[in-house]
Student: 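Okay, handing you the structure first.
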There are 2 protein chains.
Amino acid sequence: MPDIENVSLLRLREFLPYRLSVLSNTISTRIASLYDREFGLSIWQWRVMAVTGDRPGISATEIGQLTAMDKVAVSRAIAAMIQMGYLERKTSETDGRRSQLFLTPAGRDVYELIVPMALGAEQELASSLTEDEQKQLEHLMGKLADAASPDRPLW
Amino acid sequence: MPDIENVSLLRLREFLPYRLSVLSNTISTRIASLYDREFGLSIWQWRVMAVTGDRPGISATEIGQLTAMDKVAVSRAIAAMIQMGYLERKTSETDGRRSQLFLTPAGRDVYELIVPMALGAEQELASSLTEDEQKQLEHLMGKLADAASPDRPLW
DNA sequence: GTCAAATAGTTACATATGAAACTAATAGTT
DNA sequence: AACTATTAGTTTCATATGTAACTATTTGAC
């Protein structure tokens with residue numbers, strides 16, 4: 001009794017999770033090379049800089065929540081950036097476990113340069129889409145994020 | 001002369017490359033846990049299986065091209081899957097450098113199980129979108145992929 | 001106040017990953 | 001045929017990353 005001939009219905013290159021992953025990696029890698037080349041920052045360090053510039057005094061845990069990084073990655077990025085002279089850490093007066101993070105003047109300088117650069121890159125990317133398409137994308141990503149959210153029933 | 005107050009224009013959480021990355025990672029991690037839990041396959045191994053099942057006799061280099069993996073990752077995934085008894089390698093008769101890869105019967109068995117599972121997961125994901133939205137997504141990803149393609153002028 | 005449990009963050013260890021060097025085979029040039 | 005350049009794939013090494021264990025501090029129950 002021969003097996004039914006397997007006609008593959010799965011073409012990896014059309015597989016949504018795969019395509020999303022390739023797309024996202026392409027974009028991330030491209031942008032990361034900017035930060036790295038110009039300022040020697042990794043993508044994680046850039047994320048830490050982005051939120052710390054926006055919220056001086058933020059704690060490591062909060063950075064993790066805002067950037068979707070785990071606490072080890074946050075801790076390492078912070079350590080490196082203190083080394084580089086871009087970040088400063090104080091211990092919270094009301095809670096000795098908590099650290100409060102601030103950009104140093106040098107860090108602030110980089111921040112002021114990097115933000116327009118990041119926005120420019122995003123612009124460049126987004127401008128390949130029409131206004132309408134940008135709104136669509138917004139909407140679709142929201143729906144997919146919901147559907148994939150970890151607190152939904154298992155697939 | 002005080003600095004101009006910096007009103008941050010960058011909200012990381014609204015930053016497109018960041019959002020794409022988080023979304024893609026969420027989905028990948030979720031799916032990877034399926035393959036891993038059920039069959040002990042990593043995401044790379046699953047990709048190798050997907051294309052080898054579809055094109056028996058494929059070479060490592062071709063796998064790399066079809067899966068957007070670099071040759072080291074392909075080599076390692078293949079080695080592991082041969083170990084596991086899922087893959088078989090022959091040396092091409094016409095080119096001694098080239099290997100030809102085939103799923104073993106055991107590998108084929110897993111393939112037959114994993115493909116419907118993968119398609120199911122994608123279904124689940126895609127079904128959070130309407131038909132129309134799915135087409136939009138298709139279209140938007142294509143445009144973004146073009147815009148981010150590495151052989152375009154640097155940002 | 002004392003002690004167990006929770007929280008913030010770091011360190012240690014084991015594994016994953018990428019770049020570059022390497023091996024083996026083929027192709028192309030003379 | 002001999003020699004160089006190219007290609008397929010593997011190995012090595014240095015770095016990145018995640019999990020779990022750990023330290024320090026605070027919170028809450030008693």
Side-chain angles (χ1 to χ4, degrees), chain A residues 21-22 24-26 28-30 32-33 35-37 40-48 51-52 55 57-84 87-102 150, chain B residues 21-22 24-26 28-30 32-33 35-37 40-48 51-52 55 57-84 87-102 150:
Chain A
S21 161
V22 171
S24 161
N25 285 341
T26 304
S28 288
T29 304
R30 193 103 193 253
S33 77
Y35 303 146
D36 183 31
R37 201 175 49 227
L41 290 180
S42 75
I43 236 181
W44 311 111
Q45 290 163 5
W46 137 246
R47 287 191 186 172
V48 167
V51 297
T52 309
R55 306 194 178 188
I58 194 173
S59 73
T61 301
E62 288 164 340
I63 291 177
Q65 290 161 351
L66 289 174
T67 58
M69 292 166 66
D70 78 76
K71 63 181 182 170
V72 178
V74 173
S75 172
R76 290 200 261 241
I78 289 171
M81 292 172 76
I82 290 174
Q83 266 295 311
M84 296 179 197
L87 263 193
E88 196 174 10
R89 170 166 37 203
K90 299 179 184 167
T91 298
S92 162
E93 287 174 8
T94 61
D95 183 343
R97 294 165 304 181
R98 218 154 168 296
S99 57
Q100 298 187 291
L101 297 159
F102 303 88
Chain B
S21 161
V22 171
S24 161
N25 284 342
T26 304
S28 288
T29 304
R30 192 101 193 254
S33 77
Y35 303 146
D36 184 32
R37 201 176 49 225
L41 290 180
S42 75
I43 236 181
W44 312 110
Q45 291 164 3
W46 138 244
R47 287 190 186 174
V48 167
V51 297
T52 308
R55 307 193 177 189
I58 194 172
S59 74
T61 302
E62 288 164 341
I63 291 177
Q65 290 161 351
L66 289 173
T67 58
M69 291 167 66
D70 77 76
K71 63 180 181 171
V72 178
V74 172
S75 172
R76 290 200 261 242
I78 289 172
M81 291 171 76
I82 289 175
Q83 266 295 314
M84 296 178 196
L87 262 194
E88 195 174 10
R89 170 165 38 203
K90 298 176 184 168
T91 298
S92 162
E93 289 174 7
T94 62
D95 184 342
R97 295 165 302 182
R98 217 153 168 297
S99 57
Q100 298 187 292
L101 297 159
F102 302 88

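Hydrogens, waters and symmetry mates play no part in the numbers below; they use all other heavy atoms, side chains included.
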Student: Please report the distance, rounded to the nearest Å, between CG in A/L101 and P in C/dG9.
Tutor: 8 Å
Student: Can you tell me the base-pairing partner of C/dC22? Count Watson-Crick or G-U wobble geometry only, both distances below 3.5 Å, and say none if there is no partner.
Tutor: D/dG9
Student: Can you check the A/I43 CD1 to D/dA16 C1' distance for me, whole Å?
Tutor: 13 Å
Student: Please check this pair: side chain of B/S75 against backbone of B/K71, looking for a donor-acceptor N/O pair closer than 3.5 Å.
Tutor: no
Student: Are OP1 or OP2 of C/dG9 and a side-chain N or O of A/T61 less than 4.0 angstrom apart?
Tutor: yes
Student: Which of the following nucleotides, C/dT10, C/dG9, C/dA19, is nearest to the side chain of A/R89?
Tutor: C/dT10
Student: I'd like to check A/S42 versus A/R76 (side-chain heavy atoms, cut-off strictly below 4.5 Å). Are they in contact?
Tutor: no
Student: Using a cut-off of 4.0 Å on non-hydrogen atoms, how would the nucleic acid contact of B/S42 be classed: base, sugar-phosphate, or nothing?
Tutor: nothing
Student: For DNA chain D, whose closest nucleotide is more 5', that of B/R98 or that of A/S92?
Tutor: B/R98
Student: Do you know which two heavy atoms are closest between B/V74 and B/G64, and how far apart they sit?
Tutor: CG2-CA, 3.8 Å
Student: Is there a donor and acceptor pair closer than 3.5 Å between the side chain of B/R76 and the base of D/dG9?
Tutor: no
Student: Would you say B/S99 places a side-chain N or O within less than 4.0 Å of OP1 or OP2 belonging to D/dG9?
Tutor: yes
Student: Within this structure, what is the CG-to-C1' distance between A/L41 and D/dA16, rounded to whole angstrom?
Tutor: 16 Å
Student: Looking at D/dG9, C/dT10, D/dT26, which one has an atom nearest to any side-chain atom of B/S59?
Tutor: D/dG9
Student: Please figure out whether A/A73 or B/K71 has its closest DNA chain D nucleotide nearer the 5' end.
Tutor: B/K71
Student: Rounded to whole Å, how long is the line connecting atom CG of A/D36 with atom P of C/dA19?
Tutor: 12 Å
Student: Distance check needed: C/dT17 C1' versus B/R47 CZ, whole Å only.
Tutor: 14 Å
Student: If you pin A/R97 and B/W44 to their nearest nucleotides in DNA chain C, which one's is more 5'?
Tutor: A/R97
Student: Separation of A/M69 atom CE from C/dT10 atom P, in whole Å?
Tutor: 12 Å
Student: For the residue pair B/L101 and B/M81, establish whether any side-chain heavy-atom pair is separated by less than 4.5 Å.
Tutor: no
Student: Specify the closest pair of heavy atoms between A/R47 and A/T67, including all atoms of both residues, with the distance to one decimal.
Tutor: NH1-O, 3.3 Å
Student: Which of these nucleotides, C/dT17, D/dG9, C/dG18, is closest to any side-chain atom of B/D70?
Tutor: C/dG18
